[in-house]
Protein chains: 2
Amino acid sequence: MANISDIIEAFLLDTMGNNEKLTLSRNELASYFSCAPSQINYVLTTRFTPERGYIIESRRGGGGSITVVRLSQTPEEAYGEILGTVNENDGISFAKASQLLDRMCRDAIISERESEIVKTVLSDKALIAPTVIKDRLRLNILKSVLLQLLRMNGEED
Amino acid sequence: MANISDIIEAFLLDTMGNNEKLTLSRNELASYFSCAPSQINYVLTTRFTPERGYIIESRRGGGGSITVVRLSQTPEEAYGEILGTVNENDGISFAKASQLLDRMCRDAIISERESEIVKTVLSDKALIAPTVIKDRLRLNILKSVLLQLLRMNGEED
DNA sequence: TAAGGTCAAAGGTCAAAGAAAGTCAAATAA
DNA sequence: TTATTTGACTTTCTTTGACCTTTGACCTTA
């Protein structure tokens, strides 16, 4: 936690609290943390991604600002979106898969324990395979898991 | 004794004390002991293995670090029987893996839901790979999951 | 007064540099 | 031989700065 990015992330999450939106000034924030303004963009694009359940809106020019919006969805919406996201590519990195799982966890679609198990399964360590194949394999496993979760949700509850 | 690896090992054990985790900086430690940074990796991979009851986590890049996690049980203690059944071969069929998971479920090591998820992951459908490789891959994933379960059991749930 | 011009104040982008840690194989020591 | 030590090279993540684009307030000028 010694890097500024993590600190800014924590600050934003904390400031946001339970609110759905948070509006801020890039320059103000940057000068508050004594960092380059583009550092703020870095934090936003690496931590507040759609995969993690956030979108960013902004306006340039005089009086411009940035707004962080937290998306919350029903499980069905989440599945649709995630499966969609997942279907577009024919492979997925561990980092990205991990973000998706974090988000599902945040939205209470799966438990933290479950997300940890699935992350383990999708990790580079678990998937001994050539790099080219690895991302495709990972995606395939992830899809299978999502479908299985859907099936189970349908049966139980 | 008298070799750096043993000294570093002792230092880490001592520093760790009774704590469950120890976070350190590879470069700092290396320069403290005036050794190559990769020496630290050597110590970690030879002495702080899962078999001996440790797991290593790490993060690269600015602000990166390494964390040593002590398991409350070694895999042998926890899954000795299971791993024994499994270790003879260097691969495992879906049927056999499935049986093991059922047993773990029965023994309340994992929930039914969790066992279903892991079964899905280990199914032939999820694991698109040449048959020869498939069983080995499956075993590797299964082992990773077992390790992860151990780690999670050590922490609060 | 309407249309367009100017300019400073935002925010955006991107690539290069920096900061860790990881890998691997050759050299060395026990 | 087996275990250790080293260092060159790789990968991942972060930080910074130079340059780009957009916007709105405030002019001109017909």
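Values below: every heavy atom of this structure, side chains too, minus hydrogens, waters and symmetry copies. So that the names make sense, note that chain A is the first sequence line, chain B the second, and so on, each numbered from 1.
- Remark: A/Asn41 pairs with A/Arg26 by the side chain to side chain donor-acceptor pair (under 3.5 Å) rule, at least two apart or across chains.
- If you measure from atom CG of A/Asp124 to atom C1' of D/dT10, you get 14 Å, rounded to the nearest angstrom.
- Relative ring orientation between B/Phe11 and B/Phe33 is described as perpendicular, the plane-to-plane angle rising above 60° on a 0-90° scale split at 30° and 60°.
- Residues of residues 29-37 of chain B having a heavy atom closer than 4.0 Å to DNA chain C: none are found.
- In this structure, CD of A/Gln99 is placed 10 Å from P of D/dC13, rounded to the nearest angstrom.
- Residues passing the side chain to side chain donor-acceptor pair (under 3.5 Å) test with A/Glu20, sequence neighbours excluded: none.
- Counting to the nearest Å, the P atom of C/dG11 and the CD atom of A/Gln39 are 15 Å from each other.
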Q.
For nucleotides 21-30 of chain C, give me one character per nucleotide, 5' to 3': B if any protein heavy atom sits under 4.0 Å from the base, S if the only such contacts are to the sugar-phosphate, - if neither.
A. BBBB------

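- With salt bridges taken as basic N to acidic carboxylate O contacts below 4.0 Å, one links A/Asp107 and A/Arg103.
- With sequence neighbours left out, A/Arg52 forms a salt bridge (Lys or Arg N to Asp or Glu O under 4.0 Å) with A/Glu9.
- Between B/Ser5 and B/Gly62, the one whose closest nucleotide on DNA chain D sits nearer the 5' end is B/Ser5.
- Regarding contacts with the backbone of D/dC13, every side-chain N or O of A/Thr46 stays at 4.0 angstrom or more from both OP1 and OP2.
- Here A/Thr67 pairs with A/Thr23 under the side chain to side chain donor-acceptor pair (under 3.5 Å) rule; sequence neighbours left out.
- OP1 and OP2 of D/dT5 both lie 4.0 Å or more from every side-chain N or O belonging to B/Tyr42.
- The pair B/Lys119-B/Glu116 meets the salt-bridge criterion, since a charged nitrogen lies less than 4.0 angstrom from a carboxylate oxygen.
- Using a 4.0 Å cut-off between a side-chain N of Lys or Arg and a carboxylate O of Asp or Glu, B/Glu57 and B/Arg151 qualify as a salt bridge.
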